[in-house]
Each structure stands twice: as C-alpha cells, then as structure tokens.
Amino acid sequence: MDIKKIEKKWQAVWEKEKLANFNQKNVDKKYYCLEMFSYPSAAKLHLGHWYNYGPTDSFVRYKKMKGFEVFQPMGFDAFGLPAENYAIKTGIHPKDSTEQNILNMEQTLKEMGAMFDWNAEIKTCNEDYYKWTQWLFLKLYEKGLAYRKEAPVNWCPSCKTVLANEQVTNGECERCGSVVVKKDLTQWFFKITEYAEELLQGLNGLDWPEKTKLMQKNWIGKSTGGEIELTAESGDKFKVFTTRADTLFGVSYVVLAPEHPLVKKLTSAKQKKAVEEYILQTSKTNEIDRLSSSREKTGVYIGHNAINPINGKSVPIYAADYVLYSYGTGAVMGVPSHDERDFAFANKYGLPITRVIKGTNGNDDLPFVEDGIIMNSPGFDGMTSEEARKAIINQLVKSGKAEHKTNYRLRDWLVSRQRYWGAPIPVIHCDKCGVVPVPYSDLPVKLPYDVEFTPDGESPLAKHKGFMNVKCPVCGGDAHRDPDTLDTFVCSSWYYLRYPDAHNSKEPFNPELINKILPVDKYVGGAEHACMHLLYARFITKALRDIGYLNFDEPFKSLVHQGTILGPDGMKMSKSKGNIVAPDPYVQEYGSDVLRLYLMFGFSYTEGGPWNDDGVKAITKFLDRIERLAIKLNATPNNKNNTVGKNEKDLLYAVNYAIKCVDKDMEEFAFNTAVARLMELLNALSKYDTIDGDKNVNLFKNSFKTLIQLLAPCAPHFAEEIWESLGGKGSIFNSKYPVCDESALVLDEVEVAVQINSKMRTKIMLPSQVTEEQVKEIIFADEKLSTELAGKEIKKLIIVPKRLINIIV
RNA sequence: GCGGAUAUGGCGGAAUUGGCAGACGCGCUAGACUUAGGAUCUAGUGGGAGACCGUGGGGGUUCAAGUCCCUUUAUCCGCACCA
C-alpha cells in the first residue's frame with residue numbers, strides 16, 4: 001500500500017464529502033469535542049500535539065460512527081510572550097513570525113488527517129477575534145467584575161522592564177543577571193473571587209478527573225473562621241483572619257505582611273531603618289520561598305503595638321514575609337503555643353508562649369496544633385475548641401470587633417500585561433473623566449504594527465503616540481489609551497464559545513446557537529492547566545451567564561488529560577537535553593496512521609511515557625497482517641456454507657467480545673486496550689483462517705469487515721482503503737458502528753480458579769450457572785482436589801461467580 | 001515548602017475496581033519456509049531444579065491485597081506574568 005498516496009487520496013475525499021464539517025441542522029445530535037488549541041511555535045508539530053490531537057480525533061471519529069453530529073474545531077492561541085521575546089532577539093515582528101508559524105502548523109495539522117472543522121478556525125491575534133476579547137473585558141467592567149488596583153510586578157532595574165516569572169531565575173533577570181525587585185503598578189483585575197463559592201460547588205457535578213477537581217478545590221482554598229479587628233496603639237484598625245479563634249487568648253504578637261500599608265505608617269523612628277531594609281529584602285523574594293515551611297521564619301518588630309480585643313492585652317506588631325498581603329487580610333495573629341510557624345517565630349524573637357488549649361489524651365508538647373479543651377481563657381475555659389471558636393467570635397461580634405467569615409485562597413485574576421503582543425485593554429484614561437471604557441462601536445482597539453518593543457522602561461504601546469493619544473469619548477478632551485494588553489489567558493477563557501460561530505461579525509457569538517451547542521461534551525488537554533486556564537474558563541462562563549448571554553453553568557462537561565510523551569531516555573523532551581523526537585520523520589516513513597496508532601497503543605493515554613522506536617514497527621506489522629488478510633479474503637470466492645460449529649462460535653465470540661470491549665474502551669479513552677482487543681480479533685481471524693476444511697466464508701468476511709470498522713477511527717486512511725477494497729460503499733465513517741450481539745458472548749462453561757486456604761490449587765470448568773451444592777459435588781468429583789481435601793473439614797466455601805472458589809479447611 | 005499524581009517481567013503496558021498478577025505488543029529462544037532475511041509462519045517466554053517466591057521499601061486489615069489503611073523512598077506536574 002502506498003501510504004503517501006492513500007493519505008492524500010482520502011484526505012481529498014473527506015474534504016469533498018465535508019466529513020469534518022459540523023452541520024447545525026443536526027444540533028440535537030451534537031457532540032462537541034474540544035482539544036486545547038495550540039500555541040503557534042516555530043518548530044512545527046511536536047509529539048505532544050500529535051498525542052493530544054491524534055487519539056482524540058480517533059475518539060471523535062468513533063463518535064461520528066456512533067451517530068453523533070461531531071464538532072471538532074481547531075485554532076491558535078496566538079498572542080503571548082514567546083513571539084515578543086523572539087522579536088526582541090531577532091527583530092522579526094511578532095505578527096509576521098506568528099502568522100508564518102500558523103501556516104506551518106496548519107499544514108502539518110492537515111497532514112495528520114484529523115477531522116478538524118477548519119471552517120470554524122480561530123486565531124486569537126486576529127482583529128475579528130480580539131475585538132470580542134475586548135468586548136468581553138467591557139462586559140465584565142460594566143458588570144463590576146473588572147477593577148483596577150495596585151499590584152507588584154517583577155521589575156528588572158537594569159533592563160527597565162517587567163519580567164514574567166519565567167524570566168526570573170533565582171531572583172535574577174535571565175537577560176542581564178540583575179537582581180529583580182517587586183514594583184507596584186496600577187493594574188486591571190477580574191473579580192474571580194466573587195465566584196469562589198460557585199466555582200468550588202460546581203466541581204461536584206463535573207465529569208472531570210478527581211485529581212483535577214481536588215487541585216481546583218485546594219487552589220480555591222476555602223476556609224471558615226472569623227475576621228477579628230485589632231486596634232493599633234495609634235488608633236489605626238486592621239483585621240486578621242483566623243480559623244482558630246479558640247486560640248485568641250494565646251496571641252502573643254501579630255504580623256503584618258511587609259507590603260501592608262500600615263507597616264510604613266506605624267513603624268517607629270527607631271525601627272525605621274530595619275523595617276525598610278526588611279521590606280526591600282522581601283521584594284526580592286518569591287512567594288514559593290516566602291511560604292516555604294522549611295525556610296527559617298524572619299520578621300522585624302515595627303516598634304508599635306496592637307490591642308488584642310478579647311483581653312485588652314498589648315502585643316507587638318511584626319512585619320514578616322511569611323504573611324502575604326494578597327491572602328486574607330494580609331495580617332495574622334501569632335499564637336506560638338498552637339501553631340508550628342508561630343512557635344518557631346516566637347522562639348526566635350523571644351516572644352511569650354501561653355498555652356490555651358489542653359490535649360484530651362495528655363499530650364503536653366508544644367506547639368499543640370490539634371483541637372482540645374480551652375484553658376487560660378477567662379469565660380471560655382472548659383469549652384471544646386469547636387465550641388470556643390464560635391463563642392469567642394460571637395462575643396466579639398457583639399462589640400463589632402469581629403465577624404464570622406469564610407476566606408478563600410483564590411485571588412482575583414490580574415489581567416494587565418505591560419507588553420505588546422496581546423489584545424489592547426479597551427479603556428481610555430481621561431484627566432477629567434477618569435477611566436472611560438471604549439464605546440462598543442469603536443471596537444476593536446487595534447494593535448498597531450509599528451511599535452518599538454525593545455525594553456527601555458515603558459510598555460511598548462506607551463511609546464506609540466498614534467495609538468496612545470485619543471479624545472475622550474465622554475468629554476472630547478485629550479486623553480490616552482491604556483498602554484497594557486490583556487493576559488493571553490483572557491483570550492483562551494472564552495474561545496470555546498467562539499468556535500461554533502467563528503465568523504459572526506455582529507456579536508462574539510449568537511447566544512441562541514451557543515446555548516444549543518455548548519457545553520463542550522469532551523475537553524482534552526494537558527493537566528498543567530488544572531488550576532488556571534480551566535478555572536478562568538469556568539469563571540468567564542458563569543460571568544457571561546450572569547450578564548445574560550449563556551444559559552449553562554459550566555463550559556466543559558467532561559474532561560480528559562493526556563499524559564506526556566517523554567524522550568527515549570525517560571526524561572522530559574527538551575532542546576537542552578537533546579532528546580527531542582520529531583513526529584515528521586515517522587509520518588514520512590510509516591504514515592500518519594501508524595504514528596497515531598502507535599501513540600494510542602504504546603501508552604496509557606492519561607499517563608504518557610517514554611518514546612520507543614520498536615513500538616512503531618510493531619504497528620506496521622499489525623497493519624500489514626490486516627492488509628494481507630484483506631487481499632486473501634478478496635481473492636476467496638463466496639460459498640454457501642452457513643454452518644456455525646465450534647470454530648464459528650469461537651470466531652463469533654471473538655468478534656462480539658471485540659465490539660463490546662473496543663466500544664467501551666474508545667468511550668473511556670482507553671485506547672491502548674482498544675487496540676489490544678483489535679489485535680486479539682485479528683489473531684482470532686488468523687486462527688479461523690488456518691483451520692482445515694470448509695469455512696463459512698460469509699461469516700469470515702463479515703467478521704473481517706467488523707474488524708475494519710472497529711479499526712477505522714484509529715487508522716482512518718488505512719481503513720478507508722481496505723473498506724473500499726472490500727466493496728464498502730462511501731466513507732467508512734458514514735457506516736454504522738458494529739453492535740455487539742450479547743448472545744454470542746454467553747458461554748456454557750467457564751474456567752474457574754480453585755484455592756484451598758487462599759492458595760491457588762487448580763482450575764476447573766464449571767457451568768456458567770451453578771448452585772453451591774453443585775460446586776461441592778464437582779469439587780469432590782475432581783481427582784486432584786478430592787485427594788487434597790481428603791480427611792479435612794471444610795469450614796467455609798467462598799464462591800465468586802465465574803471467577804474463583806476458595807475452600808477454607 | 002505547599003497542592004496533586006506515579007511506581008507492576010528485559011521493555012511499553014493490562015488486571016472486570018478486593019477475587020487466577022503479567023491481557024496485548026516489543027524483545028528474546030527454538031523451529032519451519034528461504035540463495036538470503038532486519039520478511040513471513042509455528043511454539044515457548046516473571047523468577048526458581050523444586051516446595052515455593054514475586055506488583056518501589058517496611059508494617060497492618062482480610063478467607064483473599066497491585067488494588068484498602070499506616071509509614072517510608074524515588075520520580076513527575078502545578079504554585080497565580082510560559083501557555
């Protein structure tokens with residue numbers, strides 16, 4: 001078979017027959033299968049793309065044969081940092097390099113032979129897409145879900161530019177090696193925290209991997225407790241959040257995040273130098289280090305005290321970097337006796353340690369971090385921790401010093417980027433009118449081509465006068481645009497809504513249509529997106545629902561993560577390790593079906609694993625065997641033999657067993673076992689081929705036809721070619737998926753394992769349906785078993801139907 | 001550090017979710033066909049002569065554990081500006 005020729009042949013047929021095009025008329029039978037779109041990189045498709053898209057396309061083809069109207073779109077997440085960095089390095093404009101990369105990728109994606117509906121293609125960097133990304137921003141702004149506040153960025157003082165976390169290695173700028181500091185800028189945020197509770201609750205109803213749901217749950221990080229107000233000696237008030245109000249009498253100090261505004265305000269003259277030094281030090285430290293529990297806790301007394309509202313005690317205020325300003329209130333109470341961090345901190349700085357919880361099982365060690373019985377807490381002694389948590393807050397609620405509160409670890413989503421290659425933020429800043437949203441009729445705010453993106457201290461767009469200078473839409477006076485662009489996660493937070501209506505020039509999507517086609521029935525992509533992209537998309541869906549555009553709550557009903565294909569050395573593929581395996585040579589030599597089939601067979605789909613060349617050859621062998629059998633069968637004349645004897649029954653069992661298993665495995669993305677079942681069916685067909693005497697040729701040919709249909713989703717070009725040679729009419733993907741005949745799977749007798757005292761002894765044949773009495777009879781009739789059991793008393797007989805018998809003597 | 005996962009023959013991986021560990025394939029061994037084989041076909045293949053032993057290590061629950069519990073080690077992913 002000339003692989004290259006048949007690939008071209010069938011791809012042309014599919015295009016002509018519009019096999020991949022979604023027909024909206026059949027929306028009632030829709031199946032929306034979405035793969036995470038790709039970032040257009042310079043190096044064609046890598047194995048990761050193949051692994052995501054190839055097997056998933058087989059799943060889609062399987063669904064099509066099952067009678068669904070499938071929709072499988074593809075597009076490009078085309079904005080982002082790498083193109084801009086590439087431009088800084090080479091001078092090639094991000095738009096030019098991105099467009100070229102997209103062309104290359106489109107070509108290789110098409111060669112893959114996947115059923116992508118290219119009519120629905122989207123590219124997030126095109127005006128007709130980012131116009132609607134900007135629309136989304138404005139809608140969120142109108143709804144009060146977009147707001148501005150100060151937030152720190154990584155700042156390289158020598159390059160005078162904002163750095164992504166990725167560009168900071170060990171606290172230094174990856175370009176020039178200078179120490180990177182935090183710098184505050186006013187930036188745009190989306191209020192995802194407003195949906196924290198719903199995002200958490202919504203997880204329950206989703207058909208997602210449990211681990212992903214768990215990760216999102218922990219990321220959202222709900223904790224219930226109280227917010228307690230403390231008053232500094234200056235009279236300034238601040239709040240701390242705690243889940244352990246039962247330990248309030250044990251507070252011996254409080255901590256403010258170094259970034260907390262009160263730190264600057266309250267620091268005494270004497271402590272000023274030390275505190276400023278500490279704040280500077282903190283600005284050089286990343287959050288992972290700050291939160292590390294193994295790192296030594298540091299802090300500095302700010303020379304000012306605060307009053308504990310429950311007992312009026314004055315306690316020192318520290319600034320310490322293990323408290324983050326972005327979490328909770330940016331302030332915590334320190335209870336050394338009942339918290340490990342606080343215990344270490346108090347020991348280091350010589351702070352008092354007062355025990356206020358007693359263990360119930362005589363544990364006297366400190367810190368004691370479990371619940372127990374309250375002590376040293378006048379008015380609450382003897383209560384359990386649980387009772388005291390409520391009672392103490394309740395008492396403070398009366399005087400307005402506390403409230404019950406649920407806190408989330410989830411933070412609002414920072415969407416401003418001080419970069420060029422992104423969707424401009426559609427906002428105008430006017431001295432008179434303040435922040436003015438760009439009128440919808442003026443969208444898109446076009447990203448200008450001619451900009452200087454070499455870093456020199458300003459956002460690239462800020463230097464472009466033609467872009468920046470505008471008239472205020474409200475007062476008509478001089479104003480300027482927002483110089484920042486949107487995080488690319490904003491683009492990808494709604495793309496699944498655009499696909500089904502990709503060419504709509506009047507609105508981002510037609511709500512009526514979208515409400516029929518969405519939610520996505522199956523979403524397939526990497527697990528690395530568990531907490532960010534997947535959470536952002538859920539948030540945007542809920543927000544658009546509340547704004548009135550959508551009538552569903554969750555964008556992705558069912559989710560699958562593909563694993564990672566590693567290099568042959570078992571390490572993650574990377575240029576620096578030199579272990580990258582490119583798919584192209586394999587496609588050239590063996591064809592796309594073989595590569596796809598190997599990816600399906602050689603790995604557990606959700607696990608991935610190391611690449612291995614030998615497996616590829618095994619697949620070639622498998623397809624060759626099928627092809628030889630096809631040739632042989634096509635040369636075999638039909639006969640009138642309709643007998644169904646033992647051999648035919650075995651074959652029918654194999655055929656129906658394969659249908660049942662492959663059907664189930666494809667549905668569950670268990671591609672490796674699906675292919676294994678296909679191989680078993682081929683083995684059964686080969687076996688039937690070798691029997692002597694008159695064969696039931698009709699049955700033989702039909703069984704083979706079933707094999708080809710089951711194989712078709714996994715080796716589409718190959719299967720079409722064989723199907724055609726067998727006289728199949730039209731594309732095999734328009735044929736109906738085989739249906740299992742359960743009656744062929746019913747066996748008269750089954751082999752059952754027999755254990756004595758849980759040790760394997762022998763195997764016996766048993767009728768499928770037996771009573772315990774019959775089992776006993778058969779056991780004693782068995783020669784081997786009866787000798788072993790002679791003179792022993794059977795205490796217990798455990799029968800697992802059709803599997804195992806355990807005789808306890 | 002925190003959060004999440006993974007660990008099964010020489011290798012990739014199966015195991016109806018507590019019931020015969022190693023499906024299927026690679027590799028290997030022997031044989032057949034062949035001038036030839038890196039083609040094809042047939043048979044065998046966890047270890048051990050054996051009783052038995054075997055699912056990263058150690059403990060436990062159970063008639064029964066790869067699967068459940070405790071503990072430990074190694075590796076991988078994410079940690080909010082890579083996408």
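Sequence lines set the chain letters: A, B, ... in the order given, protein chains first and strands last, and positions in each chain run from 1. For the numbers below, each heavy atom of this structure counts, side chains included, while hydrogens, waters and symmetry mates do not.
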With heavy atoms under 4.0 Å as the rule, sort A:His533 into base, sugar-phosphate or nothing. nothing
Would you indicate which nucleotide in B:rC82, B:rA23, B:rC26 comes nearest to any side-chain atom of A:Thr673? B:rA23
Between B:rG25 (C1') and A:Ile626 (CD1): distance, integer Å: 14 Å
For A:Trp413, answer base if it contacts any base atom (sugar-phosphate contacts may also be present), sugar-phosphate if it contacts only those atoms, and nothing otherwise; contact means non-hydrogen atoms under 4.0 Å. nothing
Proximity to the side chain of A:Leu410 - top-ranked nucleotide from B:rA80, B:rG78, B:rA23: B:rA80
Pairs involving residues 664-677 of chain A, ordered by first then second residue, that meet salt bridge (Lys or Arg N to Asp or Glu O under 4.0 Å) (sequence neighbours left out): A:Lys63-A:Glu667, A:Lys664-A:Glu668, A:Arg677-A:Glu680
Sequence-distant partners of A:Ser758, side-chain hydrogen bond (donor to acceptor under 3.5 Å, both in side chains), two or more places apart: A:Asn806
What's the spacing between A:Phe76 CZ and A:Leu109 CG if we round to 0.5 Å? 5.5 Å
Using a cut-off of 4.0 Å on non-hydrogen atoms, how would the nucleic acid contact of A:Gly608 be classed: base, sugar-phosphate, or nothing? sugar-phosphate
Checking base pairs now: Watson-Crick or wobble, both atom distances under 3.5 Å. What partners B:rG66? none
What nucleic acid atoms does A:Glu528 come within less than 4.0 Å of, heavy atoms only: base, sugar-phosphate, or nothing? base
Restricting to side chain to side chain contact (heavy atoms under 4.5 Å, CB included), what partner residues turn up for A:Lys183, sequence neighbours left out? A:Val153, A:Trp155, A:Leu185
Considering every strand and a 4.0 Å limit on heavy-atom distances, what is the contact class for A:Lys572: base, sugar-phosphate, or nothing? sugar-phosphate
Pair A:Trp494 and A:Phe539, ring centroids less than 6.0 Å apart: no
Length of the line joining A:Gln167:CD and B:rA83:C1', which is rounded to integer Å: 13 Å
Sugar-phosphate, base or nothing in reach of A:Arg409, heavy atoms under 4.0 Å: base
Would you mind reading off the distance between A:Tyr605 atom OH and B:rG13 atom P, rounded to a whole angstrom? 15 Å
Is there a Watson-Crick or G-U wobble partner for B:rU61 with both distances under 3.5 Å, and which nucleotide is it? none
How is A:Lys621 classified with respect to the nucleic acid when contacts are heavy atoms under 4.0 Å: base, sugar-phosphate, or nothing? sugar-phosphate
Write down the distance between CD (A:Glu166) and C1' (B:rA80), rounded to a whole number of angstrom. 14 Å
Closest to the 5' end of RNA chain B, once A:Tyr598 and A:Leu81 are matched to their nearest nucleotides, is A:Tyr598
Remember a base hit wins even if backbone is also touched, and classify A:Arg625 as base, sugar-phosphate or nothing at under 4.0 Å, heavy atoms. sugar-phosphate
Residues in side chain to side chain contact (heavy atoms under 4.5 Å, CB included) with A:Tyr86, at least two apart? A:Thr90, A:Ile92, A:Ser97
Side chain of A:Asn672 only, please: which of B:rC11, B:rA21, B:rA14 is the nearest? B:rA14
Under a 3.5 Å limit on both distances, the Watson-Crick or wobble mate of B:rA32 is B:rU40
Sorted by chain and residue number, the side-chain hydrogen bond (donor to acceptor under 3.5 Å, both in side chains) partners of A:Arg625 (sequence neighbours excluded) come out as A:Asn683, A:Ser686
Assign each of A:Leu185 and A:Asp614 the nucleotide of RNA chain B bearing its closest heavy atom; nearer the 5' end lies the nucleotide of A:Asp614
Grab the CE-C1' distance between A:Met532 and B:rC79 for me, whole Å please. 8 Å
Write down the distance between CD1 (A:Ile631) and C1' (B:rU40), rounded to a whole number of angstrom. 14 Å
So which protein nitrogen or oxygen atoms get under 3.5 Å of nucleotides 59-63 of chain B's nitrogens or oxygens?
| unit_1 | atom_1 | unit_2 | atom_2 | d |
| --- | --- | --- | --- | --- |
| B:rC63 | O2' | A:Ser758 | OG | 2.2 |
| B:rC63 | O2 | A:Asn806 | ND2 | 2.7 |

Once you apply the 3.5 Å cut-off to both distances, tell me the Watson-Crick or G-U wobble partner of B:rU55, or none. none
Which one is paired to B:rA74, where only Watson-Crick or G-U wobble pairs with both distances under 3.5 angstrom count? B:rU6
Counting any heavy atom closer than 4.0 Å, what does A:Ala618 reach on the DNA or RNA strands: base, sugar-phosphate only, or nothing? sugar-phosphate
Look at A:Asp487 together with A:Arg417 and state whether they make a salt bridge at an N to O cut-off of under 4.0 Å. yes
Base, sugar-phosphate, or nothing: which does A:Val153 touch, judged by heavy atoms less than 4.0 Å apart? base
Complementary nucleotide for B:rG50 - Watson-Crick or wobble, under 3.5 Å: none
Atom pairs under 3.5 Å, N or O on each side, protein against nucleotides 51-53 of chain B: can you list them with distances?
| unit_1 | atom_1 | unit_2 | atom_2 | d |
| --- | --- | --- | --- | --- |
| B:rC53 | OP2 | A:Lys759 | NZ | 3.4 |

Distance check needed: B:rG25 P versus A:Leu599 CG, whole Å only. 19 Å
Listed partners of A:Asn407 passing side chain to side chain contact (heavy atoms under 4.5 Å, CB included), at least two apart: A:Ser223, A:Phe241, A:Tyr327
Regarding A:Gly615, tell me which of base, sugar-phosphate or nothing describes its non-hydrogen contacts under 4.0 Å with the strands shown. nothing
SB check A:Glu742 A:Lys660 (cutoff 4.0 Å): yes
Could you state the atom-to-atom distance from CG of A:Leu534 to P of B:rG3 in whole Å? 21 Å
Tell me the salt bridge (Lys or Arg N to Asp or Glu O under 4.0 Å) pairs involving residues 529-540 of chain A, sequence neighbours left out? A:Arg538-A:Glu554
Taking RNA chain B as the partner, which of residues 208-216 of chain A come within under 4.0 angstrom of it by heavy atom? A:Lys211, A:Leu214, A:Met215
Of the candidate nucleotides B:rA80, B:rG12, B:rC20, which contains the atom at the shortest distance from the side chain of A:Pro610? B:rG12
Taking the minimum atom-to-atom distance to the side chain of A:Phe601, which one of B:rC24, B:rC26, B:rC77 wins? B:rC24
Among all residues two or more places apart in sequence or in another chain, which pass the side chain to side chain contact (heavy atoms under 4.5 Å, CB included) test with A:Val332? A:Val255, A:Val323
Identify whether any heavy atom of A:Phe622 sits under 4.0 Å from a base atom; if not, whether one sits that close to sugar-phosphate; answer base, sugar-phosphate or nothing. nothing
Does a nitrogen or oxygen in the side chain of A:Asn612 sit under 4.0 Å from OP1 or OP2 of B:rC26? no
Checking the side chain of A:Gln562 only, and the main-chain atoms of A:Tyr51 only, is there a donor and an acceptor separated by less than 3.5 Å? no
What is the pairing partner of B:rU17, taking Watson-Crick or G-U wobble pairs with both distances under 3.5 Å in any strand? none
Assess, by modelled atom type and distance only, whether the side chains of A:His533 and A:Ser493 contain a donor and an acceptor separated by less than 3.5 Å. no
What donor-acceptor contacts under 3.5 angstrom involve side-chain atoms of residues 77-85 of chain A, with partners at least two apart or in another chain?
| unit_1 | atom_1 | unit_2 | atom_2 | d |
| --- | --- | --- | --- | --- |
| A:Glu84 | OE1 | A:Tyr420 | N | 3.1 |
| A:Glu84 | OE1 | A:Trp421 | N | 2.8 |
| A:Glu84 | OE2 | A:Tyr420 | N | 3.0 |
| A:Asn85 | OD1 | A:Arg175 | NH2 | 3.4 |

Under a 3.5 Å cut-off for both distances, is B:rG1 Watson-Crick or wobble paired, and to whom? B:rC79
